[in-house]
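The structure appears right after this line, and notes come after that.
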Amino acid sequence: MESFFVALNAVLPMFIMLFIGFLVRKLKILQDSFLPQLNKIVFNVFFPFLMFNNIYGSDFSSVFSPKLLAFAVIGVFTIYFLSIGFTLLVEKSNYSRGAMIQAIYRSNFVLMGLPIAANIFGKDKLGMTAVLVAVIVPIYNMLAVITLEIFRGQKINVLKILKGIAKNPLIIGSVLGLLSVAFNISLPETIDKTVSDIAAVATPLALIVLGASVTFDSIKGCSHNLIICIIARLVVVPALCLGTAALIGIRGVDFVSLIGLFASPCAVSSFTMAQQMDSDFKLAGAAVVFTSVLACFTMFLWIFIFRQAGFF
């Protein structure tokens, strides 16, 4: 029974915020035209503060796990190459291939991974989870750009990719957080409180915006590929990666970080990138919406199963 409530308490707050966002849009409190701007504000303003705040003040000597970091990186690349091979077999159109690959390998780790770990272990235990974000997000972005460029027939611009990674707000916030730890920088109390207050807004607002973006019209014309993406993202990938993590002895907050990485839904930014890079943005948008809604249930099950088995 304890495992049930641990899983419920980890997922329920996210589900409630998504539902609030859905209601806000249905009641026309928030106009559709304002959603992209609001999402941009969340990504460019609030998330950098969140990334910085999660790393700032951390004692990495006690939380840093090379084993976890290596497993996460290898896992992401493994799923990426498996998703390419699988997609080439089941989908003939290059227009849809890029979007499908993105939907399968690229998770919404920042938006759902951090809250999951915080809800189970508390915000003061997120140091290593935040380091994972700082490493995994650039990898996600790099692979997404390469994939979408290849499947629209364009030449890969390495310099452009590196510039995009360097300018990513999540990376900037993470690097500043790591520098603050490396040089033992202590912020004045007023600044520290301001940073914490801004960071606290990021996740609730992002989930509400995501909930407001839910529209069931997006399923038209791509239901077959959408079902494949949902099953792969929420069932197959977590089963492979979490099962392997369990076998090699990863436990505790490290294991929960991997649940956030491998069991969370498609990244919200995958829709924007597909739209900007001539890929199947309707499929990408539908994958974001439906995996986000269904992940509230599938992540609950993964958390419950592994909690019941004693992995954290």
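- The two residues Ala263 and Leu234 have their closest heavy-atom pair at O-CD2, 3.9 Å.
- Formation of a donor-acceptor pair under 3.5 Å by the Glu91 side chain with backbone atoms of Ser93 is found in this model.
- Using a 4.5 Å heavy-atom cutoff, the side chains of Phe81 and Phe86 are not in contact.
- Residue Leu159 is found outside any hydrophobic cluster, as its side-chain heavy atoms come under 4.5 Å of no other Ile, Leu, Val, Met, Phe, Trp or Tyr.
- The distance from the CD atom of Gln102 to the OG atom of Ser107 is 11.5 Å, given to the nearest 0.5 Å.
- Taking every heavy atom of both residues into account, Met128 and Asp254 meet most closely at CG-OD1, 4.3 Å.
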When the side chains of residues 286-295 are checked against the rest of the protein, which donor-acceptor pairs come out under 3.5 Å, sequence neighbours left out?
from, atom 1, to, atom 2, distance (Å)
Thr291, OG1, Cys266, N, 3.1
Thr291, OG1, Ala287, O, 2.4
Thr291, OG1, Val288, O, 3.4
Ser292, OG, Val288, O, 2.5

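- Smallest separation of non-hydrogen atoms from Arg106 and Ala144: NH1-CB, 3.6 Å.
- Remark: the backbone N or O of Phe312 is paired with a side-chain donor or acceptor of Arg307 at under 3.5 angstrom.
- Distance check, rounded to the nearest 0.5 Å: CD1 of Ile250 to NZ of Lys67 gives 5.5 Å.
- Applying the side chain to side chain donor-acceptor pair (under 3.5 Å) rule to Ser279 yields no partners; only residues at least two apart in sequence or on another chain are considered.
- Put simply, the side chain of Asp278 does not reach to within 4.5 Å of the side chain of Phe151, judged on heavy atoms.
- Phe271 CZ: more than 12 foreign heavy atoms inside a 6.0 Å radius.
- Counting heavy atoms from C-beta outward, Pro138 and Ile171 have side chains that approach closer than 4.5 Å.
- Note that OG of Ser270 is 11.0 Å distant from CG of Asn141, once rounded to the nearest 0.5 Å.
- Asp280 meets the side chain to side chain donor-acceptor pair (under 3.5 Å) test with Ser96; sequence neighbours excluded.
- To the nearest 0.5 angstrom, Phe47 atom CZ is 15.0 Å from Ile172 atom CD1.
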Using side-chain contact (heavy atoms from CB on, under 4.5 Å), reason through Val135 and Leu132 one step at a time and then give a plain yes or no.
CA-CA 5 Å; Val135 174; Leu132 272 188; 5.7 Å; no

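- Minimum interatomic distance between Ala202 and Val42 (heavy atoms only, all atoms of both residues): O-CG1, 4.1 Å.
- How far CD1 of Ile248 is from CG of Leu68: 9.0 Å, rounded to the nearest 0.5 Å.
- Between Leu207 and Leu18, the shortest heavy-atom distance links the atoms O-CD2, 3.4 Å.
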For Val145 and Met277, what are the C-alpha separation, side-chain angles and deciding distance, and is it a side-chain contact (heavy atoms from CB on, under 4.5 Å)?
CA-CA 8 Å; Val145 172; Met277 298 180 69; 4.2 Å; yes

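- Under the 4.5 Å side-chain criterion, counting only non-hydrogen atoms from C-beta, Val11 is in contact with Ile116.
- Taking Tyr140 as the reference, Tyr105 meet the ring pair (Phe, Tyr, Trp, His ring centres under 6.0 Å) condition, with sequence neighbours excluded.
- Here Lys26 pairs with nothing under the salt bridge (Lys or Arg N to Asp or Glu O under 4.0 Å) rule; sequence neighbours left out.
- Among residues two or more places apart in sequence or in another chain, the salt bridge (Lys or Arg N to Asp or Glu O under 4.0 Å) test is passed with Asp32 by Arg25.
- Considering only residues two or more places apart in sequence or on other chains, Ser174 meets the side chain to side chain donor-acceptor pair (under 3.5 Å) condition with none of them.
- Other residues, nucleotides and ligands contribute more than 12 heavy atoms inside 6.0 Å of the CZ atom of Phe300.
- A donor-acceptor pair under 3.5 Å is absent between the side-chain atoms of Asn53 and the main chain of Phe49, judged by distance alone.
- At a threshold of 4.5 Å between side-chain heavy atoms, the hydrophobic network of Ile, Leu, Val, Met, Phe, Trp and Tyr places Met299 and Leu12 in one connected group.
- Within the 4.5 Å cutoff, no side-chain heavy atoms of Leu205 are placed close to those of Met17.
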Under the criterion side-chain contact (heavy atoms from CB on, under 4.5 Å), I'd like the reasoning laid out for Val237 against Ile79: C-alpha separation, chi angles, the key distance, then a yes or no.
CA-CA 7 Å; Val237 170; Ile79 295 302; 3.9 Å; yes

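- Every ring pair (Phe, Tyr, Trp, His ring centres under 6.0 Å) that Tyr56 has, sequence neighbours left out, goes to Phe52.
- Side chains of Phe64 and Leu69 form a contact here, defined as non-hydrogen atoms less than 4.5 Å apart.
- Phe77 and Leu261 fall within a single hydrophobic cluster, where Ile, Leu, Val, Met, Phe, Trp and Tyr are joined by side-chain heavy atoms under 4.5 Å apart, directly or via other members.
- No side-chain donor-acceptor contact under 3.5 Å links Arg233 to the backbone of Pro238.
- Phe4 and Val256 fall within a single hydrophobic cluster, where Ile, Leu, Val, Met, Phe, Trp and Tyr side chains are chained together by heavy-atom contacts under 4.5 Å.
- Contact annotation: the side chain of Ile104 never approaches that of Leu82 to less than 4.5 Å [non-hydrogen atoms, C-beta and beyond].
- Panel note: side chain Arg251, backbone Ala246; a donor-acceptor pair is recorded below 3.5 Å.
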What donor-acceptor contacts under 3.5 angstrom involve side-chain atoms of residues 180-189, with partners at least two apart or in another chain?
from, atom 1, to, atom 2, distance (Å)
Ser180, OG, Gly177, O, 2.6

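- Hydrophobic clustering, with ILVMFWY side chains joined whenever heavy atoms are under 4.5 angstrom apart, groups Val195 together with Val45.
- The line from CG of Leu143 to CG of Leu148 is 10.5 Å long, rounded to the nearest 0.5 Å.
- Note on residues 75-87: pairs passing side chain to side chain donor-acceptor pair (under 3.5 Å), not counting sequence neighbours, are Tyr80-Thr147.
- Applying the ring pair (Phe, Tyr, Trp, His ring centres under 6.0 Å) rule to Phe306 yields the partners Phe255, Phe311; only residues at least two apart in sequence or on another chain are considered.
- Remark: the backbone N or O of Ala239 is not paired with any side-chain donor or acceptor of Trp302 at under 3.5 angstrom.
- A 4.5 Å side-chain heavy-atom check between Val137 and Phe109 finds every atom pair outside the cut-off.
- Both Leu35 and Ile29 belong to a single network of hydrophobic side chains, linked directly or stepwise wherever heavy atoms of I, L, V, M, F, W or Y lie under 4.5 Å apart.
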Show your reasoning for whether side-chain contact (heavy atoms from CB on, under 4.5 Å) applies to Asp197 and Val201.
CA-CA 7 Å; Asp197 288 345; Val201 175; over 6 Å; no

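- Between Pro169 and Asn44, the shortest heavy-atom distance links the atoms CG-OD1, 3.2 Å.
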